[in-house]
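One structure is given here, and the rest of the page talks about it.
Read the numbers this way: they start at 1 and go in the same order the structure lists the ligands and their atoms.
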Amino acid sequence: MLKIQKTNIKTQILQVNPTNPEFKKIQTAAKIIQKGGLVAFPTETVYGLGANALNPNAVSTLFKTKNRPLDNPPIIHIANTNQAYQLTEEIPQNAETLMNQFWPGPLTLIFKRSKTTTLPKETTTNLNTIALRIPNNNIALALIKQSNTPIAAPSANLSGNPSPTTAQHVYDDLADKIDAIIDGGPTNIGVESTVLDLSVNPPQLLRPGGTPFENIQTILPNATLHPFATSEQELTTIKHTPSPGMMHKHYAPNAQMLLIDGSLQNIITKITTLSKQYSSEGKKVGILTTDETKNEYPQTYTIKSMGSRSNINLIANQLFNKLREFNKTPVEIILAESIPLDGLGLAVMNRLRKASGYHIIKT
Ligand code: TXA
Ligand code: MG
C-alpha cells in the first residue's frame, strides 16, 4: 500500500515583487525563520530553502525535509560583509578583493570558521570551515536582514533532483512539507553559485557555477579547478573530499540520460543514430538540444531546446527547467548535446555530466 507521510503543514505562498519586495510579506516570512520554520526564497541563481543557521532544530528539519545526506553542509546566506567577519576565523586579503568585486553575487566562499561565534554542528556538519555568500536578489537580501540572522539555505529541491528555478519547481518538490514559498518569479542565472575554497592555498574551485572561473582568475591567477569541477567520470577514489556535496547523486531527471560530446556535426550524427536505435527498441526518446540544432532531428521525438548556442547564459538559465520539463513527459531516455566549456558552459557541462550519471559518449 502507498505510504503517505502526513504533515500538518500547509505551505503558504507569498507573491512578492522582486524589485521592491513588500515589507509585510517579507516580515511574515522572516517571522517563520525566527520561529524555526522553513521558507523557500528566490536568489539570483536558484531558489533556496532557508532556515535560521543558528537554530539546530530548524537546520535538522531542513535536512530531513530535503532528504539531504547529513554530511553535506548548507551555504550560509548573509546580507553584509560584517556577518562574514563575525562567522569566520580570518578573511585573507585576496578574499576581500573577491568580496568587493563579486558580492552580492553568485560566488560562495569557503573560509575557516570562527571558533568563538558558535554555529551549531547541525549547520557546519562538524567541519571547521563554512561556506558563505551574499545573494544578489532583493527578496533574499530583505529576508536575511528582516530575519536578523544568517540563513542556511541549500537549493530548495528534494535531494538528487534538479535545482528549482521557479516557485512552481519548489512547490512540485516540497508542497506541504515547508512553511512558506516566496514566489519572486524565475531566477536570473539558473545554475547555482560557484563554490571557491579559500581555506586552502592555492584557492580551489570546488563547484563551477554562476561566476565563471575566468572571472575569478582575473583576481586570483593561481586559483585551481578541483578535479570534481571538471571530471568526466565519477570520482570515488579521492580520499579527502573537500566538498561533500560533490560526491552525492545530483540533478538527475527521471529518465536515463546520455551526454554526447564531440564536434557539433558528430554530436548530431550520433544522436540521430542513437535515437533511431532506442526508438526501434520501443523506448520513448527525448533530445536535449539547442536552437541551432533542434531541427536536425525528427520531430516525432520529444525535443527540448535550452536556447541559442550564441548565448550560453540563456542555456544555463533554462537547463534545470528543461530537465524538469522532461519529468512531465513519458520520455524514457534523454540524449543530451554537449556545449562548449567557456564561461557558464563549465557549470552547465558539470551539471549535465552529473545528470547523466557520467554516461558520456565521446564522438
Ligand atoms: O546558488 C547556490 O549556491 C544555491 C542558492 C540557494 O544560494 N545554493 C546551493 O546550495 O546550491 P547547495 O546546498 O545545494 O550546495 C552547496 C554546496 C554543496 O556542494 C556543499 O557540499 C558545498 O556547497 N559546501 C557547503 N559548505 C561547505 C564547506 N564548509 N566546505 C566545502 N563545501 C561546502
Ligand atoms: Mg543543491
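- Side-chain contact of S147 with T149: a donor-acceptor pair under 3.5 Å is absent, judged by distance alone.
- Listed by number with element, the atoms of ligand 1 under 4.0 angstrom from any heavy atom of N72 are 18 (C), 20 (C), 21 (O).
- Using a 4.0 Å cut-off between heavy atoms, T129 contacts ligand 1 through both its backbone and its side chain.
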Starting from the C-alpha separation in whole Å, work towards a yes-or-no answer on salt bridge (Lys or Arg N to Asp or Glu O under 4.0 Å) for R324 and D173. CA-CA 11 Å; R324 281 180 177 261; D173 276 21; 3.1 Å; yes
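- Between atom 7 (O) of ligand 1 and the options Q204, H77, K66, the minimum heavy-atom separation is to H77.
- In this structure, CD in E337 is found 3.5 Å from OG1 in T293, a value given to the nearest 0.5 Å.
- Between T45 and ligand 1, at least one N/O pair is under 3.5 Å apart.
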Given R133 and E192, is the salt bridge (Lys or Arg N to Asp or Glu O under 4.0 Å) satisfied, shown in steps? CA-CA 12 Å; R133 90 175 186 100; E192 304 86 342; over 6 Å; no
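- The Mg ion (ligand 2) has an N, O or S atom of S155 inside 2.8 Å of it.
- Each of V200, N201, L196 was checked for a side-chain contact (heavy atoms from CB on, under 4.5 Å) with L198, and the lone residue meeting it is L196.
- Judged by distance alone, the side chains of R207 and T108 never bring a donor and an acceptor atom under 3.5 Å apart.
- Atom CE of residue M257 and atom NE2 of residue H359 lie 12.0 Å apart, to the nearest 0.5 angstrom.
- Taking every heavy atom of I110 and a limit of under 4.0 angstrom, the matching atoms of ligand 1 come to 27 (C), 28 (C), 30 (N), 31 (C), 32 (N), 33 (C).
- Residues L54 and I151 do not share a hydrophobic cluster, defined by chaining ILVMFWY side chains whose heavy atoms lie under 4.5 Å apart.
- Close N/O approach between E192 and ligand 1 is not found [any backbone or side-chain N/O within under 3.5 Å].
- Using a 4.0 Å cut-off to heavy atoms of A131, the atoms of ligand 1 that qualify are 25 (C), 26 (N), 27 (C).
- Heavy atoms of R68 come nearer than 4.0 angstrom to ligand 1 in at least one pair.
- Considering S163, P73, S199 only, the shortest heavy-atom separation from atom 26 (N) of ligand 1 involves P73.
- Note: no N/O pair closer than 3.5 Å links T43 and ligand 1 by distance alone.
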